[in-house]
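Read the structure below first, then the notes.
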Amino acid sequence: MEVGLKIKKYLEENGISQVHVSKEANIDPVKLNLALNGKRRLTFQEYELLCGVLGVNTDFFLKPRLPSQQNKKIVNV
């Protein structure tokens, strides 16, 4: 699941409005809505601000992942 959709789900589950978050984070509400609906990518700066407003660490919505084997480049050292 994309990070924007995870944030949207969190907001809904906790009764937090997108308007409130956009005002507190100083992010345009249209841009925030597009990001939370998977139609725009959040910048890392926006993501940091959202996490700050929500009072969660930046790793709250993100999980580490490794590149797939197909996309891995072999580096000879």
Side-chain angles (χ1 to χ4, degrees):
M1 181 182 291
E2 291 182 30
V3 70
L5 298 174
K6 289 179 183 179
I7 295 171
K8 181 180 179 180
K9 182 179 176 186
Y10 179 86
L11 295 179
E12 290 170 352
E13 290 174 347
N14 291 281
I16 304 168
S17 76
Q18 289 184 26
V19 172
H20 170 75
V21 172
S22 70
K23 284 180 183 176
E24 291 294 317
N26 198 26
I27 298 173
D28 181 273
V30 173
K31 286 183 177 182
L32 179 62
N33 182 266
L34 288 171
L36 299 186
N37 286 296
K39 299 182 191 270
R40 176 184 177 274
R41 289 186 179 197
L42 288 167
T43 66
F44 192 73
Q45 182 180 13
E46 291 168 334
Y47 179 71
E48 288 176 309
L49 290 168
L50 290 173
C51 289
V53 167
L54 297 174
V56 299
N57 288 326
T58 54
D59 63 350
F60 187 81
F61 299 105
L62 296 174
K63 301 292 179 227
R65 61 182 170 167
L66 296 172
S68 68
Q69 290 298 323
Q70 282 184 323
N71 296 332
K72 246 185 201 178
K73 292 181 180 179
I74 299 173
V75 178
N76 292 328
V77 181

Applying side-chain contact (heavy atoms from CB on, under 4.5 Å) to R40 and not counting sequence neighbours gives K31, L34, A35, L42, E46
Exactly one of I7, L49, L11, I27 clears side-chain contact (heavy atoms from CB on, under 4.5 Å) with V21, and that residue is L11
With side-chain hydrogen bond (donor to acceptor under 3.5 Å, both in side chains) as the rule and sequence neighbours excluded, what pairs involving residues 48-67 come up?
none
Once side-chain hydrogen bond (donor to acceptor under 3.5 Å, both in side chains) is applied, what residue pairs with a partner in residues 6-21 remain, sequence neighbours excluded?
K8-N37, Q18-N33
Kindly indicate, with the supporting measurements, whether the criterion side chain to side chain contact (heavy atoms under 4.5 Å, CB included) is fulfilled by L62 and Y47.
CA-CA 10 Å; L62 296 174; Y47 179 71; 3.5 Å; yes
Is L50 linked to V19 within one hydrophobic cluster, defined over Ile, Leu, Val, Met, Phe, Trp and Tyr using a side-chain heavy-atom separation of less than 4.5 Å?
no
Can you hop from L5 to I16 via hydrophobic side chains spaced under 4.5 Å?
no
